[in-house]
Each structure stands twice: as C-alpha cells, then as structure tokens.
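A note on names: the letters A, B, ... follow the listed sequences, proteins ahead of strands, and every chain is numbered from 1.
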Amino acid sequence: MHLQQVEAVRYGGLEGAVLGPLQPGLNVVVGRNEAGKSTLTSLVRHVLYGFPRGRLNERLYQPSSGDQRVGRLVFADGDSRWIVERTEGTRGGEAVVYGPGGEEPGEAFLENLLNGVGVGVFRSVFGFALEELSDLGSLGDIQARLYASTAGLGVNPHDVLGKLKSAADELWAPRARTKRIHVLNNELRAVREEGRLLQELAEQFRADREHRAEVAGVLEVAEDALQTARLAEERLAAMLAEGRRLEEKIRDEDAAAAEQRLAAEHAKREAASLVVDEELLARAEAVERLGARCELFRAEAEQLRRDEERLREVASDIDRRIADMGEGWTLETATDINLDLELENKLYEEQERIREAQRERDDAARRASEARTEHEEARRLAEACAREIRITGHDGVAKEIGLRLETIDRLLALGAISQPSGVPWLAAIAAAVIAGAMVAVGLVLDDRLLVVAAVAPAILAVALALRPLLMRQKAPSEVGSLLTVLGLDRVPTGAELMAMRGILERCRRLWATEGDLGRVSAAREAAAREAVDGFDQSWQHWLKWLEKHRLKTPSNHPESVRRVLRLLRDLRAKAEGRRELETQIARRRTVCEEFVEDALVIGAGAGETKDPSFEEVAHGARSLLAHLVAARKNADKRRDAEVAAFTAEERTKEAAANAEAARGELAQVLEKADLGGDATLADLEAELAVARRETSELDRERGELLEKRGTLDGRLQRSAEESTSASLRLLESGLVERVAEALEGYVVTSVAVQLVERALEIYEAERQPAVIQRAQEVFSALTDGRYTRLTTPLGKFEPLVSGSDSAGKSPHHLSRATAEQLFLALRLSYIENLAGANPALPVLMDDVLVNFDDSRRRSAAKVIAEFADRRQVVFFSCNLATAEIFTEVAGEHTRVEI
Amino acid sequence: VFSLAVRPGLDLEPAEIIARARDLCLDLLAGED
C-alpha cells in the first residue's frame, strides 16, 4: 500500500488542489515558491492526526473564507483504493475512510496505518521541513519514544521515571518542612501535647463533681420545705376564697329577697287596677262565630251590590238590542223563535238558492250584452263594405251582391275585357331616329342601299304610333247591359274585374257574419229573460220562507236576515244571563239577611236606626269583636300579675333560706382555720399573708441553690465536652498510621526510581548502538566519508561526530549544513529502527537539501533514493537542479510538478 | 532507604519492598496509573 494522491479540498489557500498520482518509492515534487509544498506536507499530517486548534505553536491553515478545513488522502494497493477524508470539527474533526468495500470505520484503518507513530514522531521524522530538521530536542523525545515502541511499552520510560521521582519527592526530602511525612510528624507532635494538657483538666473536673453533689443534697431539703409551705398557703388561699364566695352569696341572697318582695307588691297592685267586661266574655263564643262570618258577610254584601248594578246594565243592553232589530220585535217574540240547527241549514240552503239564481241572471245578462255588441260591430263593418261598392240600406244587400258577382262572372265568360291602351312612344321614337340616322349616313356616304334599308325602321315607327287605333274594337250589346248592372260606362280590364270580385266576396262574407251574430244575440236575449224569470221565482220562494219563520227584515236580504239571527242569539244569551244573575242576587240577599238577623240578636249593629244597612251591621260586628279582644287581654294581664305576685313571694322565701345556709357554711370555714371562736375573714387574710411570705423566702433560697448547681453543671458539661482524650488518642493512632503509610510509599517509590534508572541505563546501552551505527553509516555517506564515526554517551542523547581529521564534535560545533546532514542521518536511522511502523506510512521531506553543496546534495539524493526502496518518500523541492540530481542518481522514480 | 523500613510501626522486609517497587514500575510502564 502507498500514498497515491493528496487532495486539498479546502485547506489554507488551496481549494480543490490535487497532488498525484504518486507511486511507491521516490516521488520528487517540483513546484515554485508558494505553490503549496509546505501546505501539502502539513495537510497529510492533519488528515492523519486531526486538524489542530488555535492555541498550538503551529500554523493552522484556516481557509480565508472561514469555512471548515477538509482534506483527503488516497492510498492504493494494487487496484484497491482507500480514501481517508477528514473534515474539521470537535477533537480535530472526524475521519471517514472509504475502502474497496464501501465506507469503513476511520479509527480502525488509521490505527493500523499509524501503529506506534504518534503525531510528534510523525512531525519529526516522517513529515518535516528544513526548520524541523535541526530541532535536536525533538530527536531526544523521539529517541525515548523509539525505546518505548521497540520495548513494547505504552509510555515513555523517562516520563515514568519523572513521575516516580516526583511522587517520592512529594512524600519526603532531607531537611524539608512541607513534605507530607514532615507535615504528618508535626501534626502528631501537636496531638500529643494536647493530650498532656487534657490530663490537667481532668483533675479540676473531679473537684467540681464532688461540690455539685453537696449542693444537690441541700437543694433537696430546701425543695421539701418549699413544698410544705406551698401546700399550707394553697389551703389558706382556698379557705379564704370559699369564705369570700359565701360572703358574696349572703349579700346576693339578701338583695334578691328584698327585690322579690317589691315585685310581689307591684304585681298585686297591677292586678287590682285591671277592669274586665265579664258579661262580654260570657258571650264570647257567639261573638267569635259572628266575627268569623263577618268577612264572608262583607264580601257577599259587596258582591250583591255589584250583581245588582250588572243586572241593570244587562236589562238596558237587552232593550237596546231589541230596538236595534227593528219595529215589531219584543223580547217574547224574539225568544219564541226556534234557533236550532235545522233553521240554520235551511237558511243556508235558501240563501244559496237566491245567490245561484242571481248569479245566473247576471251571467245571462252579461252574455246577451256581449252578443249584442258583437252583432252591432259586424253590422257596422258590413255596411261600410256595402257603401264602398255603392249599395245602401241593409235589406236585399245579399241579393244585390250575388247579382253583381254573377254579372262579373258573365263578363269574364264573354271575354269582354279591354286591353291596355296608349302608344309605345319610346319604341316609335327610337325606330324613327334609327331610320333618320340610316338615311343621313346613306346620304353622306352616298350609299343608296343604306337609304333604302332605312325604310324598315321608318315603317316600324309608324306602326307603333298607330297601334291603339288599330286594336280598338266595339263592345257587343249584352256587354253593355252587363256594364249597366255594374254601373260602368266602359269595358273594364281583367284586373279591374278581379278587384271588383274580391271586394264583393269580402262584402258577402261580412254580411253573412252579421246575420250569424244577429241570431246569436237574439238567442242570448231570450236566455237572459228566462234567467230573470227564474230569479224572480226564487226571490218569491225566499220571501215566503221568511214569512213562514217570522224572519222578515226591511230589505229581506239574506245578509240582513243573518244579522237578525245573530242578534237573536245574542239576545237569547243575554236573557239567559239575566235570569242567572237574578237567581244569584236572590241567594246572596238571603245570606246577608240571615247574618243581619244573627247580629241583631247578639247586639251588634243595634244603633239608633231601626233598619240598619249591611255596612252598619258589619261595622257593629267588627266593633263588638274588638271589645271582646280587649276584654280578654285585660283578663290575661290580671291573671299574669296574680301569678307573678305568687312567684315573687315564693322566691323571697327561698333567698332568705339560702342566705341563712351560707352564713352557717362561713362559720364552719372559719372554724376549720383554727383561728379561735370570734375569728373573721380579715383574720384569715392576715394568716394567708404570713404563709405567702414564708413561701417566697424558701423559693428565693431554692433559686440560689439551683443557680449554683447550674454553674457547676455548666462547668462539668464543658469539661465533659472538652474531654476529648479518646478522640485525641484516635487521632494520634490515625496520624501514626498515616505516617507509616507515607513512609512505606516513600520507601517503595524510592526503590522504584532506582529500578527504572538502572533498567534505562542497561536498555539504552544495549539498544542505542544499532540506531547510532546505522546513523553513522548514513552520515558518512552524506559527508562523502569526511565523518566516519558517530557516538553518544550511555543513557544520554548527546551525539558526537569524528573523522579522520577531527574528533569529538557536538552538533553545535558543526557547520549548519553538516549538522543538517547529521540530523537527516539520525532521522532515517530512527525510521528504519522503528519497530511496528506501517510500511505504507510515507516520509515527506520539504526542501531539506537547500543548504547542501552540490557534492553532498548528490550524495544525499542517493541516500534518500536508496531509503525510498524500503519506504515511500515524497520529496518537495522548489529547485529544478535538485530534481535533476535525483534524475541522475536515483534511477527510476516519479516526478510531479505542481 | 531500607533503614526507614525498620522504624517502629513500620514492618517491611527488603524483599517485599523491592517486589512492590517492581510492580509499581511495571504498572506505570504499561500506562496504568
């Protein structure tokens, strides 16, 4: 596998630039300055390891557009292709690999490709420019990585050594103060000093505890005495409270007895002052019954008055309706008529019959009038037509028309018609002109034949002029008589006869129509007269029916009869209502009169008038009821006053008894207090005051003892809290353990440091000669044998070169070009000794031979070409001469120009 | 260094110290912290 193509999709100043196709072995890329050689070298590294971010000391190659950087590498193996594409993103950007089988995980392919070659190694020895060539420090790091990779280690052993030294140094160092073991030792000393001070405090704690026990004994005695004094005080206080309560009760009961006595006397006086109508109370039941009926009576009396008014209105309305019905009607005659459904139906039938006859009469009259009008119009048209042919009157017109038509037909049969008259002057003149012209031309031309020929048109002109005279003929004698019938003085033409015949035909049709319409009009006149007779018969029948049922009206018109029937029905309803109203009035009057009679018996309404009205009786009943209510109220008040007087007397006796009992109880309380036979409540109060003073004194003494005990408890509590000897001992043992642990770590780490140093010395002494030996061979070839020896001290990277005429020169003492040749030799040697590096990983050199002279440039080209036999080399150069040198010394190789 | 290992409270044999130092070196060189 080899790198076939480098594509700068978007990278630095390049966009879409392609380097390739590259081949295995040596590839010389020639390009002018700023053609992108350094850019492509960096692009290969960034695609393989990721795009760097801003903080590194490295050029970033950001596109000026600000877009993401994108690069692509194509690796080839025979016909198979692997494309590694990386787009700028987080953590250097994600790499995607497209292999022969499609897209593949980028990590696996790159991990295999870059096996054991980190980005630092790649930059130093795989893809380097002139400025990296002289970086000796990078070679030291590479040497360490070289050892690590050849020994199969994952890390740089120098890093491990530094880490171990740092760890040991953090734990302990001679004459140090801040190292961990020193700090722990100091903490241990402080803890032990604190433990000693704690012992002294323990002695004070014991003394305080004994003093507290004494104070507690005294406090217990004081608390007993205080308890006894409080009980005595409480007993006296309870007795005093009971005595005061009894004394208060005696005062209250005495006052209550006096108050109840006054109340009893007041109630007795009130009962004596009340007057009650006993006689009215005796009639109370009858008065109440009357009162209960009073409202009903008032309502009935009021309704009676309204009914009477309404009766008068109804009677007046009936009279008015009878008057509206016309003369001859009375209430009796109106109510005698039987207004049943049969009468209604009969009335309807008669009315319909009248309407039908009337409608037939009107229709017949209308049709007769229409026929008469049409007849008159036809006659007017026929007479106008007759006048047009000079026939007057209307009798014998049809006969005259028929005669004239026959005359015309006879004339047409005889053919007695005149031809059109008049001379065809235009044709005659034309023929004459032609004849004249022919004569004139014949004379002018002296052509006799033409003059003779002019005779023909001349004869034609004369014949045309004489044609009317030649065609006139005389009419026969029959024709003359026929013309007389028609009133003509000459023989008409055929057209004139046909026109006369048309007019006569039209006139005959008009007269025929007039005759038909005259007959129709006469028939309709007869029908109209019959309809009038039919209506008269129906009307007579209608009048008889009205007479029979006594329903005649001034007009006898059906509508007026219907109105009379409506009035009769209303009248009958009104009469029925009046009868019901009269019955109701009679009933109400009976009820009211019964109430009046009862009221007068009881005494209500018996005033000055002998025959009181309904209103006066109702007022009297209400007044009597009010008197009854007042009498009952007075009776109730008197009874309540008597009860109150009795109750007050009973309560007076009860209060006096209670007061006496309380005095007895108070005497017993004072006796229990042992204050002597004549003791009072004042003596009890004095005894209680003495007990309270004693209790207060004992309480104060107890408070002092409690305060003292609290002080001692506080000190003991603090001592107990400060008594951290156990925790100090725990802390001390922890510190001892941590010191031992740190010490153990220091011992192990120190031994590990010595182990790694010894191992490195041995390994570098064994391995370094191979690298130095190969570098020495390359360096000798590059310097054309001037420097034949390259050495470095064991365990260090301090190369020294020597030759036949010089010995022991470090790189700082070599010329710049020679030093660059030394570093090139070392790099090529390192790559060859780098175990596990993938052979597909190419080496990119960016114009590293610029400072070499021609001879050594040629030698270097040869060395690089030989190296390219084992690993693909891409050599960038801006110098065409350098490319030509490769052509001369390298044999077959690939050359690419950009 | 070995004299420190026989101080009171610390009871380590030199062989044990060397064995633990070797294990530590191998762990670090293998990249295991």
* Asked: Quick check: are there more than 12 heavy atoms from other residues, nucleotides or ligands sitting under 6.0 Å from CD of B:Glu16?
  -> yes
* Does A:Phe128 have any ring pair (Phe, Tyr, Trp, His ring centres under 6.0 Å) partners at least two apart in sequence or in another chain, and if so, which? -> none
* Closest heavy-atom contact between A:Ala752 and B:Ala21? -> N-CB, 3.5 Å
* Where B:Ile17 and A:Val751 come nearest, the two heavy atoms and their spacing -> CG2-CG2, 3.6 Å
* Structure fact -> B:Arg20 and A:Val748 have their tightest heavy-atom pair at C-CG1, 3.8 Å
* Chi angles and distances behind the side-chain contact (heavy atoms from CB on, under 4.5 Å) call for B:Leu24, A:Leu755 -> CA-CA 10 Å; B:Leu24 177 62; A:Leu755 288 177; over 6 Å; no
* To do: Mind checking ring pair (Phe, Tyr, Trp, His ring centres under 6.0 Å) for A:Phe122 and listing every partner two or more places apart, or none if nothing turns up?
  => A:Tyr49, A:Phe126
